[in-house]
Amino acid sequence: MQTSATPTHCPYCALQCGMNLTPVTGDSGAVTVDVTERTDFPVNRGALCGKGRTAPALLSPGVRLASPLIRRAGVLEPADWDEALDRIAEELSRTRTEHGPDACGVFGGGGLTNEKAYTLGKFARVVLGTSQIDYNGRFCMSSAAAGGIKAFGLDRGLPFPLEDIPKTGCVILVGSNLAETMPPALRYLTELKENGGTLVVIDPRRTRTAEQADLHLAPRPGTDLALALGLLHLVVAEGLTDEAYIQERTTGWEEARAAAMAHWPEYVERITGVSVPQLRETVRMFCEPESAMVLTARGPEQHSKGTDTVGAWINLCLATGRPGRPFSGYGCLTGQGNGQGGREHGQKADQLPGYRKLDDPAARRHVAEVWGVDPDSLPGPGRSAYELLDAMGTDIRALLLMASNPVVSAPRAAHIEERLKSLDFLAVADVVLSETAALADVVLPVTQWAEESGTTTNLEGRVLLRKQAITPPEGVHSDLHVMHELADRLGVEKGFPTDPEEVFEELRRASAGGPADYSGITYRRLAEENGVFWPCPAGGSTGDSAGGPAGRPPGRPADRSAGGSTSGSAGEREGGGQEAGAHPGTPRLFLERFATPDGRARFVAVNHRPLAEEPDEEYPVLLTTGRVVSQYQSGAQTRRVDELNAAAPSSFVELHPRLAERVGAVEGEPLAVVSRRGRAVAPARITSSIRPDTVFMPFHWPGEGRANTLTNPALDPTSRMPEFKACAVRVERVG
């Protein structure tokens, strides 16, 4: 028997593709879910990748967790919910009493809904009183966030909707393989070229995305900062700067210009391996059209200099007058499903809801009033993600972890695995028994995207409503239920509702007036308008943000000129109109001013510096890591889907034929990659599409093929992003 379809969104990447879910009851009474196209959602327009199509496989009883587990005599065994929750509450309470509140750690995930991320941050600070909370999104785009805040005063991955990309004249895509990480988004680049625009792809590998490019640059990993500076040098030298824009809309140009002029083309060629003619051609392609964009992803960002690298690419955009103009500017392609919303509402070490800063007295007062607590009771900023994980078993004695799998995803992963094992107590809430959950003392089975309602915020800053399509299995509860029950057991009886819409109503009040203002967004609007772009203040007001995030000063009408609409076609209002008197949302930021006190964007003077770990005689090759199309993040979910495993069954080591000949590698045979942190073994994949001085490994797998056994935890001083994308290794045949 088939029932009506529910319009909702994919649980995976930050596109949050629209899909329809239809429950189907078989003859045996078992309920399955059919996925069908949802053509009304403007981001994917019905297209789905293999991960989205097969997502319902995770709903099967034989794949997902179905009951709580408690470790007894070293073995995880089934338990009931009361026993499991009592055990967690007892251990957290004991840890606080014996070692203080900061001995309790909380680790979240970029896959949590906005409601869950908000509640997790509130739980850590109000119930546990700990400052020690962060999340795996720190490993995603924290460098881009830090760079955006420095330059623009605001971090929203894309300051314009995806629909603007095909309308620009040139896109420089830096360190992104959209064809494999976000396949439905590749159409925007295809349409760009069909419209006469050009595409430059920067990647040390000739990926499926790079094959679409008009120009592919293959720099040495870790040299994107020098590359951006070299391009800016040429822009200045060839008189291609937009002096009027620089004068009217920016500050700090002279210092940034001087830094760029120290990176002359031949010097940059020696650093990057990108030839001077290619540098000049890139500048020509970027500067000739009236509009152009730079889009970055993890390639330039996951470095100990990631914030500076993002700043250099933003400088290139500012010097040519791109940000805040129609179909132009800088944007970051967020990776995780709720990577944007997940960092806006309080599960990050230094933040409160609405993207407020935790050390801002006014922000503390506002949020404390919403929460009904004394502002002085809120702890200050805590450790960043890697630093929090590294402190486990010493300063941090007990950890509550939700929706993350650091055994596979953290840098220097073998060390982090040992840190997890050294905890006095570990509790994990997840939908499957991940490699991290398998180490826990208590495991809680929680609901999945199709079994609950909640909001996410996609890479455009579009807040979306995921609707519940089916009833969760008996014995499975939501993360909101977990936090409600734990708060009650730990003495906080109110303030932790289990209804997601009730949580969202509180989130609206907590975010009001902040940089990420959701106060004008409601579940009804999200359902009727196909999403709403933040900032969206209540009552049409721009709140206390001086109009910066909304793109205009308080009281001024929206600019309805081309590319300047606050709603525009990006609103896609199928199914209903916006509520009377409501703010329309803000698809396009910075059209009249930036979110800085004076409304001007900031150039940041940056200089090239080496990797934290350069190759040497013992480790002469560079390792870089990334994703493949049929797996996602740590693979905890996708590795349980037969169709996806058939397409991508295991890790591999990609290397150039010249390097393969030098080390004696044979296609398909085991190859060892060794760094100062450990050794990984996977089959060799020999291809001329990668630089001869570089090897590539995907990071989705545990065990001997775990790429993050090798990666370097050296941290960016601003974003605290680890240097995932480049470390020194040697390659050797096995046996």
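Because the structure is a prediction, the values reported are computed rather than measured.
Side chains of V432 and R640 form a contact here, defined as non-hydrogen atoms less than 4.5 Å apart. Residues E180 and R627 are not in side-chain contact: their nearest non-hydrogen atoms beyond the backbone lie 4.5 Å or more apart. Residues H700 and T638 have side chains not in contact (no heavy-atom distance under 4.5 Å, counting atoms from C-beta outward). The closest side-chain heavy-atom distance from Q16 to N338 is not below 4.5 Å. V446 places none of its side-chain heavy atoms less than 4.5 Å from the side chain of S478. Between F107 and N136 the shortest side-chain heavy-atom distance falls below 4.5 Å. Two residues are said to be in side-chain contact when any heavy atoms from C-beta on lie closer than 4.5 Å; N405 and P702 fail this criterion.
The pair R53-D34 fails the salt-bridge criterion, with no side-chain N (NZ, NE, NH1 or NH2) lying under 4.0 Å from an Asp/Glu carboxylate O. The residues E506 and K122 are annotated as salt-bridged, a charged nitrogen and a carboxylate oxygen being separated by less than 4.0 angstrom. Using a cutoff of 4.0 Å between basic side-chain nitrogens and carboxylate oxygens, R87 and E83 are not scored as salt-bridged. By the 4.0 Å N-to-carboxylate-O rule, R720 lies close enough to E387 to be salt-bridged with it. The pair R383-D134 does not count as a salt bridge, with every side-chain nitrogen at least 4.0 angstrom from each carboxylate oxygen. A salt bridge is defined here as a Lys NZ or Arg NE, NH1 or NH2 lying under 4.0 Å from an Asp or Glu carboxylate O, and E417 with K421 meets this definition. Between E91 and R96, no side-chain nitrogen of the basic residue sits less than 4.0 Å from a carboxylate oxygen of the acidic one, so the salt-bridge criterion is not met. A salt bridge between R343 and D155 is present, with a side-chain N of the basic residue lying under 4.0 Å from a carboxylate O of the acidic one.
The aromatic ring centres of H345 and Y355 sit 6.0 Å or more apart. A centroid separation of less than 6.0 Å is found between the aromatic rings of Y523 and F504.
The ring pair (Phe, Tyr, Trp, His ring centres under 6.0 Å) contacts involving residues 382-440 comprise nothing, where partners must be two or more places apart or lie in separate chains. Sorted by first then second residue, the side-chain hydrogen bond (donor to acceptor under 3.5 Å, both in side chains) pairs that include residues 438-451, not counting sequence neighbours, are R64-E451, T447-E452.
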Could you walk me through whether N458 and L15 pass the side chain to side chain contact (heavy atoms under 4.5 Å, CB included) check?
CA-CA 6 Å; N458 81 344; L15 288 179; 6.0 Å; no

Evaluate R489 against D86 for salt bridge (charged side-chain N to carboxylate O under 4.0 Å, His left out), listing each step before the verdict.
CA-CA 7 Å; R489 283 165 168 80; D86 287 346; 2.7 Å; yes

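The closest side-chain donor-acceptor pair between R706 and T709 falls under 3.5 angstrom. When only modelled atom types and interatomic distance are considered, Y118 and E344 share no side-chain donor-acceptor pair under 3.5 Å. A donor-acceptor contact closer than 3.5 angstrom links the side chains of Q631 and N645. No hydrogens or angles considered: nothing links the side chains of T307 and T718 as a donor-acceptor pair under 3.5 Å. No hydrogens or angles considered: nothing links the side chains of T457 and Q340 as a donor-acceptor pair under 3.5 Å.
Put simply, OG1 on T6 and CG on N20 are 8.0 Å apart, with the number rounded to the nearest 0.5 Å. The structure places CG of N114 at 10.5 Å from OG1 of T119, a figure rounded to the nearest 0.5 Å. Taking CD of E301 as the start and CG of D716 as the end, the distance is 11.0 Å to the nearest 0.5 Å. Between the OG atom in S67 and the CD atom in E77 there is a gap of 11.0 Å [rounded to 0.5 Å]. Rounded to the nearest 0.5 angstrom, Q302 CD and M721 CE are separated by 5.0 Å.
Not counting sequence neighbours, the partners of F139 by the ring-ring contact (aromatic ring centres under 6.0 Å, His included) test are F724.
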